[in-house]
There are 2 protein chains.
Amino acid sequence: MLHLLRAYFERDEPITDEQFDLIQSKFILKQLKKGEFLLREGEIARYGAFVAKGCLRSYVLDNKGKQHIVQFAPENWWLTDADSILQNKPTIYFMDAIEDTAVFLLDPSSHIFLLQHVPAYATQFQTGIQKHAAAKDKRIVASLSSMAEERYKEFIQTYPSIVQRVPQHMLASYLGIMPETLSRIRKQMAKKK
Amino acid sequence: MLHLLRAYFERDEPITDEQFDLIQSKFILKQLKKGEFLLREGEIARYGAFVAKGCLRSYVLDNKGKQHIVQFAPENWWLTDADSILQNKPTIYFMDAIEDTAVFLLDPSSHIFLLQHVPAYATQFQTGIQKHAAAKDKRIVASLSSMAEERYKEFIQTYPSIVQRVPQHMLASYLGIMPETLSRIRKQMAKKK
DNA sequence: CTTGTCCATTGACATAGATCAAGAAACAAA
DNA sequence: TTTGTTTCTTGATCTATGTCAATGGACAAG
């Protein structure tokens, strides 16, 4: 799995073996079987997770016990609850693996250490933060301004690889609609074109 | 207005006059009349804006020309399009003043300078980023899991001061519902209690 | 005071999407 | 293959919210 971690940090600029040793020494590899949890509601998050292989998701339960998927995290994405880590407060999220998944865990102090000592880490971190923030903005705008069908199309455009690998009902949950509705939307779209 | 800027950076730790001089020298004060724009769709954002007094909002136009409010920024909030600044790409947002407003503008290189030279700046920046990110997460979760009435109640809880000062139809736009619907929700709530 | 503009309210109706119920596929395990 | 799970589809209704249209209040400008 280590080569995947290295490839990620070398995307923009190559890094030396020494630097990668530093990185490597801070991350903890964890293998998750499909369905295993990384974090549950009520726990305090202690790590950020980098997905080397597989796919995680995070979701919340509403007051009726219904799941709502907040994020998918396939290869090269990060998943964490920064709020919980930084404020030492219980998370509202569940995070689990929707396939067999390999993640690298990083605790906050290691994170700060790497920021200060490995420029390539700082670069990728910055890029990652931005990407996440932009994705969130896009999602908020979509939820305000688009009907379900448009949001689905936009999702397909933005995350074609995710569409292939997650079951439809999870997509529906992410989009904020019922599986039945997504099924009907797909039928509509198939007919039109 | 400078004392407001100073008060913001001194919230957690006092700062010296020298440090504040440094801060002061980088910010540009701009006064906006109600209705004046800070940024329009298609422009490239050049500054982050700190609201010292008054209130800004950002919104997008959907393909039918309808406004959707993405954010309100009252005193001590920041408003910017990081994506546009950092990627040098045209913004999709309009940002304007909903009251007479005083903002302090900061360009990216000054931002980096202050991060490196004024610890209190770095601290407040970090806190601000977190606050924004948490607010976005909360909003995404709410849009997935709550009906209009619950979202409205949550908004009142979270931003009581904003409710007082913005017209109802803007609140509706932020909540993703029509003004008529918000009016009906308020009527319902008044009846119940 | 009068006029115009903006905003909130209310009603009648339309529609996107939810809910409930039943099957049909798909797929894995035995 | 048979059986059991899980996922997807389809139909019949129900409900929250949007749309359209009219009215009345608040407030600013003349």
Side-chain angles (χ1 to χ4, degrees), chain A residues 33-36 55 57 59 61-69 72 96-100 139 141-156 162-193, chain B residues 33-36 55 57 59 61-69 72 96-100 139 142-156 162-192:
Chain A
K33 286 277 165 205
K34 178 176 175 176
E36 271 190 273
C55 191
R57 68 168 172 171
Y59 65 88
L61 293 186
D62 67 20
N63 42 34
K64 283 169 200 141
K66 198 171 144 191
Q67 285 185 8
H68 301 276
I69 296 184
F72 293 111
D96 64 356
I98 60 180
E99 307 169 359
D100 291 356
R139 193 156 176 210
V141 169
S143 82
L144 291 175
S145 60
S146 308
M147 303 272 92
E149 180 172 342
E150 301 170 68
R151 296 205 305 276
Y152 175 57
K153 283 179 183 164
E154 192 176 316
F155 187 90
I156 293 174
I162 295 184
V163 179
Q164 311 304 335
R165 58 207 282 198
V166 316
Q168 242 169 255
H169 70 272
M170 286 192 190
L171 267 191
S173 170
Y174 180 95
L175 293 171
I177 58 181
M178 300 304 294
E180 294 94 327
T181 302
L182 181 52
S183 175
R184 288 177 179 118
I185 286 172
R186 285 164 53 86
K187 193 181 173 187
Q188 278 298 327
M189 285 171 59
K191 212 186 298 179
K192 281 181 192 165
K193 182 58 185 315
Chain B
K33 287 273 165 206
K34 178 175 174 175
E36 270 190 273
C55 190
R57 68 166 172 174
Y59 64 90
L61 293 185
D62 67 21
N63 41 35
K64 283 169 200 140
K66 197 170 145 190
Q67 287 185 8
H68 301 276
I69 295 183
F72 293 109
D96 63 357
I98 60 180
E99 308 170 357
D100 292 355
R139 194 157 174 208
S143 82
L144 291 174
S145 59
S146 307
M147 304 273 90
E149 180 172 340
E150 299 170 70
R151 296 206 304 276
Y152 175 58
K153 283 179 184 162
E154 192 176 316
F155 187 91
I156 293 175
I162 295 184
V163 179
Q164 311 304 335
R165 57 207 283 197
V166 316
Q168 243 171 256
H169 70 273
M170 286 193 190
L171 266 191
S173 170
Y174 180 95
L175 293 171
I177 59 181
M178 300 304 294
E180 294 94 329
T181 303
L182 181 53
S183 175
R184 286 177 180 119
I185 285 171
R186 285 164 52 85
K187 194 181 171 186
Q188 278 299 325
M189 285 172 58
K191 211 185 298 178
K192 280 180 195 165

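Note that these values count all heavy atoms, side chains included, but never hydrogens, waters or copies made by symmetry. Chain letters run A, B, ... following the sequence lines, proteins first and then strands; every chain starts at 1.
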Exercise for review: Taking only the side-chain nitrogens and oxygens of B/Lys187, find out if one of them lies under 4.0 Å from OP1 or OP2 of C/dT9.
Suggested key: no
Review point. Does the side chain of B/Gln168 get closer than 4.0 angstrom to OP1 or OP2 of C/dT9 through an N or O atom?
Key: yes
Practice item. Could you list the residues that satisfy side-chain contact (heavy atoms from CB on, under 4.5 Å) with B/Lys33, not counting sequence neighbours? Key: B/Glu36, B/Asp100
Shorter than 3.5 Å, N or O on both sides, protein versus nucleotides 25-30 of chain D: list them out with atom names.
none

Check your understanding: If you look only at pairs with a residue in residues 164-176 of chain A, which of them pass as a side-chain hydrogen bond (donor to acceptor under 3.5 Å, both in side chains), with sequence neighbours excluded?
Key -> A/Glu75-A/Arg165, A/Glu99-A/Arg165, A/Gln168-A/Arg186
Value in whole Å for how far the [atom2] atom of [N] lies from [atom1] of [X]:
| X | N | atom1 | atom2 | value |
| --- | --- | --- | --- | --- |
| B/Ile98 | C/dC6 | CD1 | C1' | 16 Å |
| A/Lys34 | D/dT6 | NZ | P | 10 Å |
| A/Arg186 | D/dT9 | CZ | C1' | 11 Å |
| B/Lys64 | C/dA16 | NZ | C1' | 11 Å |
| B/Leu144 | C/dG17 | CG | C1' | 15 Å |
| B/Gln188 | D/dT17 | CD | C1' | 13 Å |
| A/Arg165 | D/dT7 | CZ | C1' | 19 Å |
| A/Arg184 | D/dT7 | CZ | C1' | 15 Å |

How many angstroms lie between atom [atom1] of [X] and atom [atom2] of [Y], to the nearest 0.5 angstrom?
| X | Y | atom1 | atom2 | result |
| --- | --- | --- | --- | --- |
| A/Phe72 | A/Ile98 | CZ | CD1 | 5.5 Å |
| A/Leu171 | A/Ile69 | CG | CD1 | 8.0 Å |
| B/Met170 | B/Gln67 | CE | CD | 7.0 Å |

Practice item. Answer whether the closest heavy-atom distance between the side chains of B/Lys153 and B/Glu150 falls below 4.5 Å. Key: no
Check your understanding: How would you list, by chain and number, every residue that makes a side-chain hydrogen bond (donor to acceptor under 3.5 Å, both in side chains) with B/His68, sequence neighbours excluded?
Key -> B/Asp62
Check your understanding: For the helix from C/dC1-D/dG30 to C/dA30-D/dT1, what is the angle between the axes at its two ends, each from 5 pairs, rounded to 10°?
Key -> 40°
Review point. When you measure from every atom of DNA chain D, which of residues 169-181 of chain A have a heavy atom less than 4.0 Å away?
Key: A/His169, A/Glu180
Point to revise | side-chain contact (heavy atoms from CB on, under 4.5 Å) between B/Lys66 and B/Leu61, worked out | key: CA-CA 5 Å; B/Lys66 197 170 145 190; B/Leu61 293 185; over 6 Å; no
Please list each protein N or O that sits under 3.5 Å from an N or O in nucleotides 13-16 of chain D, with the distance.
none

Between the protein and nucleotides 23-29 of chain C, are there any N/O to N/O pairs under 3.5 Å, and if so, what are the atom names and distances?
none

Practice item. Can you see which heavy atom on A/Leu144 is nearest to which on B/Gly176, and at what distance? Key: CD2-CA, 3.6 Å
Distance-only donor-acceptor hits, side chain of residues 177-184 of chain B, under 3.5 Å, sequence neighbours excluded:
none

Exercise for review: Just jot down the salt bridge (Lys or Arg N to Asp or Glu O under 4.0 Å) partners of B/Arg57, sequence neighbours excluded, or say none.
Suggested key: B/Asp96
